[in-house]
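Every heavy atom of this structure was used, including side-chain atoms; hydrogens, water molecules and symmetry mates were not. Counting begins at 1 with the first residue of the sequence. Everything numeric in this text was worked out from a predicted model, so none of it was measured.
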Amino acid sequence: MKIVDLRSDTVSNPTPEMRQAMAQAPVGDDVYGEDPTVNRLQEIAAEMLGKESALFVPSGTMGNLAAIMAHCNRGDEVILGNFSHTFLYEAGGYSILGSVHPHLIPNQSDGTLDLDDIKNAIRPDDVHQPITRLICLENTHNRCGGVSLSAEYTKAVGELARKHKLKLHMDGARIFNAAVAQGISAQELAAPADSVTFCLSKGLCAPVGSVLCGSQEFISRAHRIRKQLGGGMRQAGIIAAAGIIALESMVNRLAEDHARAKRLATGLEGVRGLVLDPGIPYTNMVYLTITANNGLSDAQYIAQRLAEQGVLVGSVGKSRFRLVTHCWIDDEGVDRAIESFRKVLVVE
Ligand SMILES: *Cc1c(COP(=O)(O)O)cnc(C)c1O
């Protein structure tokens, strides 16, 4: 039985073209700065994000952590959304390893942080209080349904940051999904940010890696931090080669994942007992809730029943699911997922 794995776009395997590029990649010791493939990936990434410089890192988590540590001193404060990936799912690394204090403000349902909330979170110069240093945004916003932030909104936050002499970091794990969905360049979306992280290993299908982009001076600080965190890799061109393919030939096809998320959402809307989050899908994610239906309301139990039919979905909390489309999900897979939900949920 072919498995339809909708748990995340991180489960996407490298494409045959990537495997070939990986096998043939010229490599060197990247800790010495001598891996031509890593250097090329970093140059392409910096150009696509419109920044001076870029750094290849093993994961998005390390990219965000190195960014926060490069922007902040020990004891500084970072303003971040209560539903942000960095706050929820990165094991508190910025606190533990960076000694940086989080100032949480609520994420709005559209993934944004309210500008007044940001303003109110900025600390006055007072010895009782930590020093505000950084604002973090997330685009697309994972927990807010994969919704993308607009360039106008990001620009407004950038202006606010500059006015208060703060830095702006964007967790752009899926910034190319945001760019494709809005029909603008990732460069435009990232322009107001001092730094941006994006993932090669999600919808873009590379097996490993993320890239952190910013000014030359910022990246040279982040480079030392990457070394401190144990992220200096040697012949990393083997994996960077897949990253180059990801950037050169996997970006535009993200539109197909968005179209399939729409097909999935439309199909699931018709299944009794399921309610989609409003507005879904924005990009490649479908979030839905099960209403009490025939006594079946436990997401984990339903996920297990779906798995028996070869359909894997993510359960979020007690009664919610997240389904994510990616390169290895075709129309047939989408239809099988809809059919399996129907079988599991609809009892005569
Ligand atoms: C996946 C993800 C990350 C980074 O995750 P890694 O698994 O460490 O690569 C960061 N932010 C968001 C929004 C993500 O979805």
Side-chain angles (χ1 to χ4, degrees), residues 1-23 25 41 58-60 85 89 140 142 145-146 148 172-181 186 198-211 238-268 276 280-288 302-316 321-344:
M1 178 170 52
K2 201 176 147 211
I3 302 291
V4 179
D5 195 344
L6 293 159
R7 288 172 301 167
S8 176
D9 45 8
T10 57
V11 304
S12 57
N13 286 329
T15 64
E17 191 191 0
M18 285 178 180
R19 288 182 187 270
Q20 196 167 26
M22 292 168 79
L41 170 66
S59 68
H85 190 280
Y89 305 123
T140 64
N142 188 341
S148 61
R174 296 185 182 82
I175 195 168
F176 291 105
N177 292 87
V180 166
F198 70 87
C199 289
L200 294 164
S201 64
K202 292 183 171 163
L204 299 182
C205 273
V208 183
S210 287
V211 183
I238 294 283
I239 48 178
I244 292 171
I245 309 281
L247 289 179
E248 287 183 341
S249 56
M250 301 299 284
V251 171
N252 291 335
R253 67 150 304 285
L254 291 171
E256 294 173 31
D257 299 343
H258 300 175
R260 291 206 174 92
K262 195 150 276 173
R263 183 184 176 106
L264 183 61
T266 307
L268 291 173
L276 268 66
I280 288 285
Y282 304 101
T283 51
N284 67 333
M285 295 182 185
V286 177
Y287 274 89
L288 44 90
I302 292 172
Q304 248 166 28
R305 298 280 314 277
L306 292 167
E308 286 160 17
Q309 308 201 27
V311 174
L312 307 183
V313 301
S315 53
V316 189
F321 297 104
R322 187 187 73 162
L323 285 66
V324 189
T325 54
H326 52 80
C327 180
W328 298 99
I329 299 293
D330 55 13
D331 287 343
E332 194 195 322
V334 166
D335 295 344
R336 261 188 59 203
I338 297 165
E339 200 40 49
S340 298
F341 263 101
R342 196 168 274 135
K343 270 192 207 146
V344 170

(request) May I ask you to check whether over 12 heavy atoms, not counting those of Glu332, lie within 6.0 Å of atom CD? (result) no
(request) Scan side-chain atoms only and decide if His326 and Asn284 contain a donor-acceptor pair under the 3.5 Å cut-off. (result) no
(request) Would you name the heavy atoms of Leu276 and Ala265 that are closest together and state the gap between them? (result) CD2-CB, 3.4 Å
(request) Kindly compute the distance separating CH2 (Trp328) from CG (Asp9), expressed to the nearest 0.5 Å. (result) 14.5 Å
(request) Ignoring hydrogens and angles, tell me if any N or O in the side chain of Arg336 forms a donor-acceptor pair with the backbone of Lys2 under 3.5 Å. (result) yes
(message) I'd like to know if Arg342 pairs up with Glu339 as an ion pair, taking the criterion as any Lys NZ or Arg NE/NH1/NH2 lying under 4.0 Å from an Asp or Glu carboxylate oxygen.
(response) yes
(request) Please round to the nearest 0.5 Å and tell me the distance separating atom CD1 of Ile239 and atom CE of Met22. (result) 7.0 Å
(message) Are the side chains of Phe176 and Leu247 in contact, using a 4.5 Å heavy-atom criterion?
(response) yes
(request) Output, in order, the C-alpha distance, side-chain angles, deciding distance and verdict of side chain to side chain contact (heavy atoms under 4.5 Å, CB included) for Leu323 and Phe341. (result) CA-CA 12 Å; Leu323 285 66; Phe341 263 101; 3.8 Å; yes
(request) Quick one: pull up CZ in Phe321 and CD1 in Ile302 and give me the separation to the nearest 0.5 Å. (result) 4.5 Å
(request) Would you name the heavy atoms of Leu41 and Ala240 that are closest together and state the gap between them? (result) CD2-CB, 3.8 Å
(request) Show your reasoning for whether side chain to side chain contact (heavy atoms under 4.5 Å, CB included) applies to Gln309 and Val344. (result) CA-CA 9 Å; Gln309 308 201 27; Val344 170; 3.6 Å; yes
(request) Please name the pair of heavy atoms, one in Ala206 and one in Ala246, separated by the smallest distance, quoted to 0.1 Å. (result) CB-CB, 4.4 Å
(message) What's the separation between atom CG in Leu204 and atom CG in Leu254, rounded to the nearest 0.5 Å?
(response) 5.5 Å
(request) Would you check if Thr325 and Glu256 make a side-chain contact, meaning some heavy-atom pair closer than 4.5 Å? (result) no
(message) Please evaluate residues Ile280 and Leu288 with respect to the criterion side chain to side chain contact (heavy atoms under 4.5 Å, CB included), reporting the C-alpha separation (whole Å), side-chain torsions for both, the decisive distance (0.1 Å), and the verdict.
(response) CA-CA 9 Å; Ile280 288 285; Leu288 44 90; over 6 Å; no
(message) So does Val313 get a backbone contact from the side chain of Arg322, meaning a donor-acceptor N/O pair under 3.5 Å?
(response) no
(request) Please report the closest heavy-atom contact between Pro281 and Val286, naming both atoms and the distance. (result) CB-CG2, 4.4 Å
(message) Between Ser8 and Val11 (side chain of the first, backbone of the second, donor and acceptor by atom type, cut-off under 3.5 Å), is there such a pair?
(response) no
(message) Which residue is it: Pro207, Ser201, Cys205? I am looking for the one with a side-chain contact (heavy atoms from CB on, under 4.5 Å) to Ser12.
(response) Cys205
(request) Flag the pair Met250 / Leu200 as yes when at least one side-chain heavy-atom distance between them is below 4.5 Å, and no otherwise. (result) no
(message) Could you check whether any side-chain heavy atom of Arg174 comes within less than 4.5 Å of a side-chain heavy atom of Asn142, counting everything from C-beta outward?
(response) yes
(request) Enter the distance from Leu312:CG to Leu6:CG here, rounded to the nearest 0.5 Å. (result) 8.0 Å
(request) With the side chain counted from C-beta on, respond yes when Ile329 and Val334 share a heavy-atom pair under 4.5 Å apart, and no when they do not. (result) yes
(request) Apply the test side chain to side chain contact (heavy atoms under 4.5 Å, CB included) to residues Gln20 and Glu17: give CA-CA distance (whole Å), side-chain angles for both, the deciding distance (0.1 Å), then the verdict. (result) CA-CA 5 Å; Gln20 196 167 26; Glu17 191 191 0; 5.5 Å; no
(request) Could you grab the distance from atom CD1 of Ile175 to atom SG of Cys199, nearest 0.5 Å is fine? (result) 11.5 Å
(request) Would you name the heavy atoms of Ser210 and Ser59 that are closest together and state the gap between them? (result) OG-C, 3.4 Å
